[in-house]
Amino acid sequence: MSNKCNRRLKCSICARLHPTILHIDNQINKQSSSQQEPSVKKDDPQIPTNHEGTQPVVVSSISSDKGAGDVNCAMAIIPVRVKLNNRSQSVETYAFFDSGSSITFCSQKLMQQLGANGKKTQITISTMGNTQTINTCAINGLQVSSLSMEHMVDLPKVYTKENLPVSKEHIPTRREIKKWTHLESVDIPEIDADIGIMIGNNVPDAYTPFNVCTGPSGSPHATKTRLGWILWNVIRDSSSFEVNRVHICKMKDDETQLNLLMQSINLETSQNEMTEDKREFY
């Protein structure tokens, strides 16, 4: 039907017959995608910027950069329970504490296990000067606790991601804890679960220390929190290092994008009508 329309909208950038807001600059997309970090998953859908240079939706950043170095560290990862605040069912999973992140993520698998419903949106991830935009779901009403569920911590809005930037190899082991006498009182249970949530520094109650175990220079230390003991700075011998950073830039939802599209269509339709009126006048 659109091929037979005599009043189709013309793009102000490429002069082709489509609304300007739907314009996609293929060359820009190719350049930006080629600059993405190698750690970015290829199956993450990417959304190009619009003709005004603004990002289409929510924005954050997460990456795993590897480079030359002498050491590798176990990460601050402990077992927890996660639940919705209006349900009694909880799921055991591992939580990764990333103090370099200003946002909290959970895996898509955990969202499905909880039976949670998230609002579909997009986040533009900004890491080490590079950006990418991915589809995600924003979930409200999640809570996290220790395995005993003694303390419950409310989480802010949590965004889903297919894969988190850590693996089970990053979990501290009991053998690593027992190497240090100053960590004798530290007990971190081991469970059969994936790493399902990454807690950023926007959850202060999850980080607040009630007790701290420190040792000699260069040794790991542990903090007792509402969610249990967290082990920090466990150094392992390795030939690489990893850096994780997450930062929210901006956010829009699907409804906002639809409104922008309708406004653009209405505006360009009005401009076309004015042009045709002028032609009839002359």
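Positions are given from 1 along the sequence.
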- Query: Would a 4.5 Å heavy-atom cut-off, applied to side chains only, mark Leu114 and Leu142 as touching?
  - Reply: yes
- So do Arg174 and Asp187 actually touch side chain to side chain, heavy atoms under 4.5 Å? yes
- Closest heavy-atom pair and its distance - Pro220, His182: O-NE2, 2.8 Å
- Listed by chain and number, what are the salt bridge (Lys or Arg N to Asp or Glu O under 4.0 Å) partners of Lys109, not counting sequence neighbours? Asp194
- Query: Where is the tightest heavy-atom contact between His221 and Asn233, given as atom of each residue plus distance?
  - Reply: CE1-OD1, 3.1 Å
- Message: Side chains of Leu231 and Leu183, heavy atoms from C-beta outward: is any pair under 4.5 Å?
- Response: yes
- Message: Would a single hydrophobic cluster contain both Ile171 and Ile191, if residues Ile, Leu, Val, Met, Phe, Trp and Tyr are joined by side-chain heavy-atom contacts under 4.5 Å?
- Response: yes
- Query: Are the side chains of Ile188 and Pro79 in touch, meaning some heavy atoms are under 4.5 Å apart?
  - Reply: yes
- Query: Quick one: does Thr160's side chain have a donor or acceptor within less than 3.5 Å of a partner on Cys137's backbone?
  - Reply: yes
- Note on the structure: The complete set of salt bridge (Lys or Arg N to Asp or Glu O under 4.0 Å) pairs with one or both residues in residues 86-97, sequence neighbours excluded, reads Arg81-Glu92
- Message: I'd like to know if the side chain of Lys157 and the backbone of Thr104 have a donor-acceptor N/O pair within less than 3.5 Å.
- Response: no
- Query: Between OG of Ser107 and CD of Gln113, what distance do you get to the nearest 0.5 Å?
  - Reply: 7.0 Å
- Task: Output the distance between atom CD1 (Ile78) and atom OG1 (Thr93), rounded to the nearest 0.5 Å.
- Result: 11.0 Å
- Item | Co-membership, hydrophobic cluster, residues Met152 and Tyr94, 4.5 Å side-chain | no
- Ser148-Ser146 side chain donor-acceptor pair, cut-off 3.5 Å: yes
- When rounded to the nearest 0.5 angstrom, what distance separates CD1 in Ile77 from CD1 in Ile230? 11.0 Å
- Message: Let's go through Asn211 and Thr223 carefully: what are the C-alpha distance in whole Å and the side-chain angles of both, what is the deciding distance for side chain to side chain contact (heavy atoms under 4.5 Å, CB included) to 0.1 Å, and is it a yes or a no?
- Response: CA-CA 6 Å; Asn211 191 8; Thr223 56; over 6 Å; no
- To the nearest 0.5 Å, tell me how far Asn202 CG sits from Ser101 OG. 6.5 Å
- Task: Report whether Ile197 and Phe96 are members of the same hydrophobic cluster (ILVMFWY, side-chain heavy atoms less than 4.5 Å apart, transitive linking).
- Result: no
- Note on the structure: The reported gap from NZ in Lys83 to CG in Asn86 (rounded to nearest 0.5 angstrom) is 7.5 Å
- Message: Would you say that Cys213 contacts Trp180 through its side chain, given a criterion of any heavy-atom pair below 4.5 Å between the two side chains?
- Response: no
- Message: Can you tell me how the ring of Phe210 sits relative to the ring of His151, calling it parallel under 30°, perpendicular over 60° and tilted otherwise?
- Response: tilted
- Approximate separation, where rounding is to 0.5 Å, of Leu227 CG and Thr208 OG1: 9.5 Å
- Message: Please check: side-chain N/O of Tyr159 versus main-chain N/O of Thr121, any donor-acceptor pairing under 3.5 Å?
- Response: no
